[in-house]
Amino acid sequence: MSKLLEERLNACAKFDDNKYYTEFQSYYNIVAQVHSVVLTVRNVYVLRVWRGSSFGPKHLKERREAQMFHIDKEMFGSYIVPPDIQVMRIIERFGKSDLIEIVVYDDHIETVKKLKSLDFVAIKNVHAYVKGDNLTMTLHGGNGGKHDRGIWVVPENSVNLNFQRMKTQCAEWLLIVQSDPNEYRKFGISDSDESNSDVTLIQKDLDENQIAKACNKIVIGDHISVDYFQQSSKCNYHFLTHAHSEHCRGINAKFPHKVYCSKETAKILNLIVGEPLPEDTIQPLDLNIPYKFENFQVTAIDANHCPGAVMFVFQGPLIDEIAGGPILCTGDFRAEASYMRQFENEKLGWVKDISFARIYLDNTYFSVDVAFTSREISEQLLQKEIMNHPDADIVLPLHQLGQERIIENLSYRIYEPIFVYPEKLAIGKVLGFFYEYGIANQKRQIQVVEKREWTMPDALGKPIIVIEVTQVDHLYGGASESDPNIRVPCSDHSSREEILKFLECFQFNEIYPTSKSYSKAEFKTMMQAGKTFTEKNLEKQLELHSFVEKTPEIRIPGRFHRSDYPEGEWRDDQEEYMVGDLDEWEEGPPETVPEPMVRRKNLKRRRIKSI
């Protein structure tokens with residue numbers, strides 16, 4: 001560590017947690033650990049840090065926190081630097097009063113873009129001042145300069161005693177959350193102090209222990225099925241929301257019924273199912289145009305998931321007779337802000353005026369209350385990671401369908417061809433994507449490989465950097481020493497917050513989650529988001545869903561168990577899974593293998609167990 005950085009650290013390490021609330025209309029220095037960097041909806045960059053401790057003095061806490069600027073759901077845009085899973089859980093459970101949020105301007109923006117969650121930083125000359133009704137922390141100007149204002153990463157082996165104490169505090173709490181997810185004590189409060197504290201301890205909602213199975217087979221009356229295809233089906237009409245294999249399972253050359261889907265899906269369905277389909281089997285639908293059938297009509301609208309993914313709006317006398325009003329089937333969808341804006345204009349504004357009797361809802365990530373990075377930011381993060389490794393070959397493991405736009409945009413922006421494996425390349429060409437802008441880079445090659453099949457070569461002629469474009473590891477844990485792959489957060493499913501904002505747009509009576517099991521607490525939250533929510537209707541709907549107590553886990557030596565894996569990673573053997581980016585697992589052997597074992601051992605499996 002340079003002498004100048006050491007001097008800066010010595011100045012910043014004098015920060016006193018118990019005097020934080022006295023930093024008012026002043027400048028102060030601080031050393032802390034990075035939680036994340038956020039870009040707000042107004043394009044303001046905010047650095048979020050913590051110190052593994054509560055702040056004081058206690059008599060000022062309530063007044064200062066009432067004034068303190070913190071990012072809320074309306075302000076949040078996307079993550080520039082996503083939080084590590086453990087530090088995210090700590091702040092999520094114990095509150096933002098343990099988080100310092102510093103608005104950064106000027107040259108400091110480029111500095112914070114290069115940070116990583118869990119970096120330790122020394123920050124000099126943070127300005128604490130009142131702006132409007134808020135006490136705001138800002139950092140402006142350039143690094144260094146007259147006031148030596150700036151942000152510097154601190155090596156973890158620094159010998160500064162105050163820094164090491166703060167580092168130890170953070171490490172202890174990260175370890176507690178990692179090893180004991182039920183630990184709810186507040187930072188810095190000993191057992192003897194808890195009875196005197198005014199901190200409200202988090203209580204587990206009893207409704208979280210009441211679970212219902214997902215509605216993963218959508219059949220409307222005896223007439224219409226959605227994403228459910230059986231040779232023996234008695235339904236007259238079969239609709240497909242998109243071409244991920246777990247949704248179109250059962251479609252093959254022998255399927256005796258017509259399948260209605262978007263034009264893009266129709267173009268690639270032969271490639272997805274692996275065999276030519278009879279010409280009259282696939283019936284393509286234009287978007288935003290109502291198609292009339294016998295006693296009902298259907299309109300396909302963009303779902304913002306993968307190419308060709310749509311939602312279906314069912315209306316008409318038959319639908320009214322079956323459900324009591326129109327039905328919305330979302331399929332898989334991503335309700336990010338850019339997508340939701342189309343419900344405010346003529347293109348899709350009409351959907352908001354419908355009073356739906358029923359919504360079949362993709363709830364893949366609803367159980368995880370984490371803000372997701374926008375696709376635009378995900379593209380920027382991917383480009384940054386690639387540019388950080390100019391002399392290494394880059395490998396991007398991706399499924400057969402998905403992320404086509406990101407790969408095309410990447411090739412265009414870095415002006416290098418990206419080499420895509422044949423099956424995915426064929427689908428991309430049919431859909432009109434192009435991955436070979438620019439000229440070949442003589443120092444490296446960027447290639448997209450099949451996610452299920454590719455393995456790292458034993459003999460490496462040059463460095464290979466594997467970058468996984470996935471949301472799963474940012475929710476359930478990231479890379480480790482044994483798994484050094486770089487993760488770029490990106491989701492084609494909606495976050496919990498995005499689902500709730502989506503539901504807030506609509507009037508509806510019933511919701512049927514379709515992707516994974518859900519708790520009674522989660523179901524109540526979904527229902528309460530609707531425009532026409534009433535407690536009376538909620539009680540009625542709760543009776544229609546078969547909630548049961550979570551079954552106590554019986555541990556058998558040598559077997560995998562639910563509690564061995566992060567929350568959300570385990571799925572019951574008897575339901576059809578929808579786990580993050582594992583949408584395209586092939587059919588496997590007839591026996592059913594526990595999902596976590598499949599993930600660890602890279603096996604293939606059947607998606608449904610016979611009951």
Side-chain angles (χ1 to χ4, degrees), residues 242-246 248 262-275 304-309 332 334 375-376 378-457 460-472 485-492 580-586 602 604:
H242 66 286
H244 276 151
S245 61
E246 84 285 358
C248 57
S262 71
K263 283 189 172 181
E264 284 185 307
T265 297
K267 289 178 181 178
I268 62 175
L269 203 50
N270 288 342
L271 297 172
I272 295 295
V273 301
E275 61 178 321
N304 196 38
H305 178 60
C306 66
D332 292 350
R334 175 76 194 273
R375 284 198 182 103
E376 181 182 0
S378 295
E379 287 184 20
Q380 294 174 17
L381 293 173
L382 176 59
Q383 182 177 341
K384 183 178 79 169
E385 292 291 356
I386 288 175
M387 301 311 288
N388 284 343
H389 301 89
D391 299 321
D393 285 341
I394 305 294
V395 170
L396 305 172
L398 292 174
H399 288 305
Q400 203 174 3
L401 177 63
Q403 314 301 352
E404 284 74 17
R405 181 70 61 193
I406 286 180
I407 300 305
E408 181 181 63
N409 289 347
L410 177 65
S411 176
Y412 179 79
R413 286 171 181 165
I414 66 174
Y415 209 60
E416 283 184 45
I418 296 175
F419 301 95
V420 179
Y421 64 93
E423 294 82 2
K424 188 171 184 66
L425 181 62
I427 290 173
K429 284 184 176 180
V430 169
L431 294 172
F433 291 99
F434 184 70
Y435 308 128
E436 298 182 14
Y437 290 97
I439 57 177
N441 188 324
Q442 300 303 314
K443 292 184 178 181
R444 67 162 180 216
Q445 184 180 83
I446 304 173
Q447 58 177 325
V448 174
V449 299
E450 221 292 337
K451 192 176 183 75
R452 296 167 299 186
E453 304 292 343
W454 186 83
T455 57
M456 183 73 78
L460 298 179
K462 62 186 301 186
I464 293 179
I465 303 297
V466 180
I467 303 178
E468 297 196 43
V469 184
T470 173
Q471 191 66 44
V472 173
N485 295 356
I486 295 171
R487 266 80 172 180
V488 171
C490 185
S491 179
D492 287 332
D581 57 2
L582 303 181
D583 287 342
E584 298 193 8
W585 287 358
E586 294 178 353
N602 195 29
K604 298 175 184 176

What's the spacing between [X] [atom1] and [Y] [atom2] if we round to 0.5 Å?
X	Y	atom1	atom2	answer
L382	E468	CG	CD	12.0 Å
D391	I465	CG	CD1	10.5 Å
D492	N304	CG	CG	8.0 Å
L398	W454	CG	CH2	12.0 Å
I418	L410	CD1	CG	4.0 Å
K263	L431	NZ	CG	14.0 Å

For the student: nearest non-hydrogen atoms of [X] and [Y], plus distance:
X	Y	answer
R444	P390	NH1-CA, 3.5 Å
S378	P489	OG-O, 2.6 Å
Y435	S411	O-OG, 3.1 Å
R405	F433	CZ-CE2, 3.5 Å
Q445	D393	N-OD1, 2.9 Å
P307	T265	O-OG1, 4.5 Å

_Suppose the criterion is salt bridge (Lys or Arg N to Asp or Glu O under 4.0 Å): which pairs have a residue in residues 420-442, not counting sequence neighbours?_
E404-K424
*Output yes when a side-chain donor or acceptor of R452 lies under 3.5 Å from a complementary backbone atom of E450, and no otherwise.*
no
*Verify, without hydrogens or angle tests, whether E408 (side chain) and F434 (backbone) share a donor-acceptor contact under 3.5 angstrom.*
yes
_Within the structure provided, determine whether Y421 and Q447 are in side-chain contact (heavy-atom separation under 4.5 Å)._
no
*Look at atom CD of Q383 and say whether more than 12 heavy atoms of other residues, nucleotides or ligands are closer to it than 6.0 Å.*
yes
*Over 12 non-hydrogen atoms of neighbours within 6.0 angstrom of CZ in F419*: yes
*Using a strict 4.0 Å threshold on nitrogen-to-oxygen distance, state whether K267 and E264 make a salt bridge.*
no
*asked:* Before you tell me yes or no, could you show the steps for I486 and H389 under side-chain contact (heavy atoms from CB on, under 4.5 Å), namely the whole-Å CA-CA distance, both residues' side-chain angles and the distance that decides it to 0.1 Å?
replied: CA-CA 11 Å; I486 295 171; H389 301 89; 3.6 Å; yes
_Is a donor from one side chain sitting under 3.5 angstrom from an acceptor on the other, for H399 and H244?_
no
*asked:* If you apply the rule side-chain contact (heavy atoms from CB on, under 4.5 Å), what do you find for E416 with I386, and how did you get there?
replied: CA-CA 11 Å; E416 283 184 45; I386 288 175; 5.9 Å; no
*What residues form a side-chain hydrogen bond (donor to acceptor under 3.5 Å, both in side chains) with E379, not counting sequence neighbours?*
N409, R413
